[in-house]
Every structure is written in structure tokens, then in C-alpha cells.
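Chain A is the first sequence line, chain B the second, and so forth, proteins listed ahead of strands; every chain is numbered from 1. Source: prediction; values computed, not measured.
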There are 2 protein chains.
Amino acid sequence: MSGHSRHLPADERRAATVEAVVDLAAEQNPSDITTTAIAQRMGLTQGALFRHFPTKDAILQAVMSWVTERLMARVDKAAEGATSPLAALEAIFKTHIDFVAEHTGVPRMLFGELQRPGETLPKQMVQTLTRQYGERLRRLLEAGKARSELHSELDVDAAVVLFIGTIQGLVMQSLLAGDVARIRRDAPAVFAIYLRGITHTR
Amino acid sequence: MSGHSRHLPADERRAATVEAVVDLAAEQNPSDITTTAIAQRMGLTQGALFRHFPTKDAILQAVMSWVTERLMARVDKAAEGATSPLAALEAIFKTHIDFVAEHTGVPRMLFGELQRPGETLPKQMVQTLTRQYGERLRRLLEAGKARSELHSELDVDAAVVLFIGTIQGLVMQSLLAGDVARIRRDAPAVFAIYLRGITHTR
DNA sequence: TAAACTAGTAATAGATTACTCACTTTTTGG
DNA sequence: CCAAAAAGTGAGTAATCTATTACTAGTTTA
């Protein structure tokens with residue numbers, strides 16, 4: 001092949017589309033991303049997108065699928081190496097923060113999808129993702145209680161909600177400051193408070 | 001006056017407009033609220049809105065102003081009655097949760113405004129609100145440290161971020177479950193973890 | 001090499017959006 | 001009580017958004 005092949009195979013275009021959406025979501029309100037903006041970012045005309053996806057929702061669906069795979073794979077890998085439930089929780093948190101710092105638009109997209117009325121497919125995928133994620137956390141928290149790493153009266157469901165809220169709070173803080181780097185910088189101190197809230201009395 | 005007076009004075013219409021937006025925000029994605037939907041909710045035609053507001057952003061601005069006044073007034077009042085910084089924090093949290101439970105759309109609106117690119121006036125008002133709010137919290141947290149109600153190594157800024165994240169997490173949870181009542185129900189357990197995270201060693 | 005397939009363009013349809021304006025109805029003050 | 005001001009109507013406009021379609025140019029395949 002000699003140089004610029006304008007035509008790419010379908011699966012590569014689909015992957016590039018997802019990437020374009022994730023990138024755009026970092027720069028603007030995710031719910032304001034238009035098919036024109038996506039195509040422009042990819043160097044295509046708007047109509048070309050609909051060769052690979054039947055609807056815009058199908059694009060969002062592909063993005064959610066991408067997020068679920070990548071995030072869960074990284075989280076699972078991080079938890080694997082840990083020697084205790086508590087260490088696993090901390091590793092997951094760090095991994096999640098890294099993921100969010102790399103793709104600032106993603107948590108905002110998820111939150112945005114959840115706000116849509118009705119039962120759209122992308123929304124259902126977010127619900128599935130958080131259910132899976134919450135289940136992982138719940139197991140670790142239960143295990144931590146069994147080992148007395150966590151305090152005995154800990155409400156596990158509440159701890160799951162606060163774990164996610166911790167990240168959500170950091171995202172909001174970075175929006176307020178207009179500074180994405182804040183997420184990584186402030187994460188340790190915020191997690192320290194969370195940890196103190198769930199661990200066994202010292 | 002014998003019954004249905006169709007024309008209302010301007011200030012009452014402005015107040016009714018804000019109320020309509022807040023109500024609508026509870027039912028749908030705040031960033032998808034149209035001027036048509038607002039007018040319909042008020043029993044007016046869409047054009048009538050622009051007798052009282054020059055632009056849609058001016059409406060949002062009025063909503064943000066309403067939120068700031070109401071929320072800060074309630075928060076201040078709640079803190080007044082408290083006998084200690086820690087008690088004040090808990091009272092503020094409870095009050096904030098009550099406010100959010102009554103107006104589920106509000107926190108989602110604020111978050112949505114923060115995501116808009118550029119420096120819109122409504123966005124700046126949200127930033128001002130959270131700055132004021134954060135300042136109140138910071139003072140209380142510092143006072144709590146001085147009294148040794150909170151542990152001495154506590155990172156106050158992180159505690160502020162997590163305080164807001166706690167509420168944000170509860171909002172997200174209610175979206176996931178599609179059940180607004182969850183916020184009130186789950187709030188105490190979540191706050192208990194937060195409290196344990198910031199208080200002096202037992 | 002001809003036929004079929006794949007990936008793209010450019011134009012445009014159809015819906016929705018915020019906003020405007022000429023005109024009508026209601027309220028109000030001298 | 002009546003004229004002016006305030007409030008509301010309803011039709012329309014320009015812009016924008018998703019999706020469709022007729023058509024073109026490369027690439028496989030038979």
C-alpha cells in the first residue's frame with residue numbers, strides 16, 4: 001500500500017469513532033456532542049458515520065461497551081495483585097482515578113446517560129456497568145469485614161455508594177477548578193478520609 | 001376578582017418560571033429542558049416567556065439565583081442552632097439532603113452547568129455558590145480541628161470535596177435505582193462513614 | 001477483466017430549537 | 001371610565017441536528 005488509504009475497514013472506523021467520542025467528551029458537555037463534531041474529529045463527513053452505525057445511540061452504545069471493557073479489565077487486574085481486601089480496594093481506587101484522569105469525559109458521560117428519561121440501551125449499559133462494579137466492591141468490603149480489616153458495624157451498601165461518590169466529588173471539583181490534573185493530585189487525601197471511615201478502629 | 005385571571009404581574013411570572021424549571025429538572029435531563037416545555041408547564045405559549053426573560057440563559061441564571069438563596073439560607077439556619085462544629089456539619093448535611101430530596105433536579109442542573117464550555121453567567125453563579133458553600137464548610141472543619149472534635153491530621157480541603165461527593169454519590173445512586181426516595185433513606189449510613197473518616201480517634 | 005462489494009461524499013429532508021414581532025387581551029392609574 | 005401600559009398569542013425565522021439518499025471511487029472476487 002502506497003501512502004494515504006482514505007478508506008479504512010469497518011471495525012477500525014468503529015474503534016476510531018469511539019475514541020473520537022471519548023476525546024470530545026473530555027472537552028465539552030458530553031450530551032452536546034453532535035455527529036458532525038465526531039465526523040469532523042475523524043476527518044470524515046457527517047453522513048459517513050451512518051455507514052458504520054445505524055443511529056447516534058448505537059455510537060454511544062459502542063462507547064459504553066468500550067468503557068465497560070477497559071475499566072473493568074483494569075480494575076480486575078489491579079485487584080488481582082493485592083494481598084488483602086483493603087489493599088485491593090485501594091488498588092481499585094487508584095486505577096479508577098487513573099482511568100478517569102486519562103478520560104475525563106467518561107464519568108460525565110455515564111452520569112449524563114443516567115439522566116436520560118426512558119430505558120435507552122446506552123443507559124441500561126451504564127446501569128449494568130455500575131451493578132457489576134458495585135458487586136466487586138461489595139465482595140471486597142464483605143471480605144474486609146470478615147478479616148476485621150474493616151469495622152464490624154460498617155454498612156457495606158453505604159460504603160459502595162461513598163466509594164463512587166468519592167470519585168464523583170473529585171470530578172466535580174476538577175470541573176469547578178477547570179483543572180483536570182486536580183483529580184490525581186487531590187485523590188490520595190480524599191481517599192485517606194474514606195479509608196479512615198471504613199477501617200477497623202485504630 | 002372572579003376566578004381565572006390570565007395575566008400575572010412580571011415578578012410572579014418570573015418566580016413561577018423558576019419553579020417550572022426546577023420541577024422539570026426533576027423529571028428529565030436538565031440540559032434537555034426547552035423553552036417550549038417550560039411555557040407548557042406554566043400554561044403559556046413559548047413566546048410569552050421572552051416577555052420576562054431576554055434569553056434562555058437569563059432563565060437559568062434566575063434559577064441559579066433561586067437555588068443559591070434558598071439553599072444557603074436553609075444551610076445557614078441549620079448551622080445556627082448547632083452547639084458544636086461537628087453538630088453544625090451534621091445539621092448542614094441533613095438540610096442539604098432534604099433540599100436535594102425535595103428538588104432532585106437541582107444538583108443535576110448544577111453539575112450540568114459546570115460542564116458547559118466557556119464562561120456563561122449561570123456557570124459562574126454555580127462556581128460562586130460552591131465557593132461560598134465550601135468556605136462555610138472549611139470554617140466549620142477548621143473549628144472542629146481546633147476543638148479536637150476532628151482528628152488533627154485531617155486535610156480540610158479534601159474533607160470539603162468528600163462532603164460534596166457524599167451528596168453527589170447519593171444522587172447518582174438514586175438515578176441508578178430510579179428511586180428518588182433512596183437519597184433520604186441511604187443518607188444517614190453514608191454520612192456515618194464520612195463522619196468516622198473525619199472525627200477524632202475514638 | 002467484469003461484477004460485486006465496501007467506504008466514502010455531498011446534498012438534503014424533516015424535526016426541533018431559541019428567539020422575534022405584529023397584533024390582541026387584560027390590567028391599572030389618573 | 002378610558003387610555004396607556006403590561007401580558008399573552010400565534011405565526012414565523014434562522015440555525016442546528018439526526019438521518020437518508022443518489023452517486024463515486026477504490027478493492028475483492030469469480
Expressed as a whole number of angstroms, how long is the span from A/His52:NE2 to D/dA19:P?
15 Å
Listed in order of residue number, which residues of residues 56-65 of chain A have a non-hydrogen atom at under 4.0 Å from DNA chain D?
A/Lys56
Rounded to whole Å, CZ of A/Phe53 lies from P of D/dT20 at a distance of 15 Å
Contacts to DNA chain D from residues 30-47 of chain B, heavy-atom cutoff under 4.0 Å, which residues?
B/Leu44, B/Thr45, B/Gly47
Please check this pair: side chain of A/Lys145 against backbone of A/His151, looking for a donor-acceptor N/O pair closer than 3.5 Å.
no
Between B/Lys123 and B/Asp57, is the closest basic N to carboxylate O distance under 4.0 Å?
no
Taking the nucleotide of DNA chain D with the closest heavy atom to each, which residue, A/Pro54 or B/Ala10, is nearer the 5' end?
B/Ala10
How long is the line joining CG of A/Leu8 and C1' of D/dG26, in whole Å?
13 Å
For C/dT6 and A/Arg13 - does any side-chain N or O of the residue sit under 4.0 Å from the phosphate oxygens OP1/OP2?
no
Quick one: do A/Arg196 and B/Glu153 make a salt bridge, cutoff under 4.0 Å?
no
Donor-acceptor contact below 3.5 Å, side chain B/Glu149 vs main chain B/Leu86:
yes
Taken to the nearest whole Å, CZ/B/Phe50 to P/C/dT20 is 7 Å
Taking B/Arg14 for the side chain and B/His52 for the main chain, is one N or O donor matched with an acceptor at less than 3.5 Å?
yes
Quick test of your reading of the model: are B/Asp98 and B/Arg184 salt-bridged, counting only N-O distances below 4.0 Å?
yes
Five pairs per end, C1' atoms only: what is the angle between the end axes of the helix from C/dT1-D/dA30 to C/dG30-D/dC1, to 10 degrees?
10°
Hey, would you say the B/Tyr133 and B/His96 ring centroids sit under 6.0 Å apart?
yes
Indicate yes or no: does B/Arg108 engage B/Glu113 in a salt bridge with an N to O separation below 4.0 Å.
no
Over 60° means perpendicular and under 30° means parallel, so classify the ring planes of A/Phe99 and A/Trp66, tilted if in between.
tilted
Integer-rounded Å distance: D/dG10 P and B/Leu49 CG:
15 Å
Less than 4.0 Å between a side-chain N and a carboxylate O, is that true for B/Arg139 and B/Glu142?
no
B/Arg51 has its side chain closest, among C/dT9, D/dA7, C/dA7, to D/dA7
Ignoring backbone atoms, test whether B/His7 places a side-chain nitrogen or oxygen under 4.0 Å from the OP1 or OP2 oxygen of D/dA5.
no
Can any side-chain N or O of A/Thr68 pair as donor or acceptor with the backbone N or O of A/Met64 at less than 3.5 Å?
yes
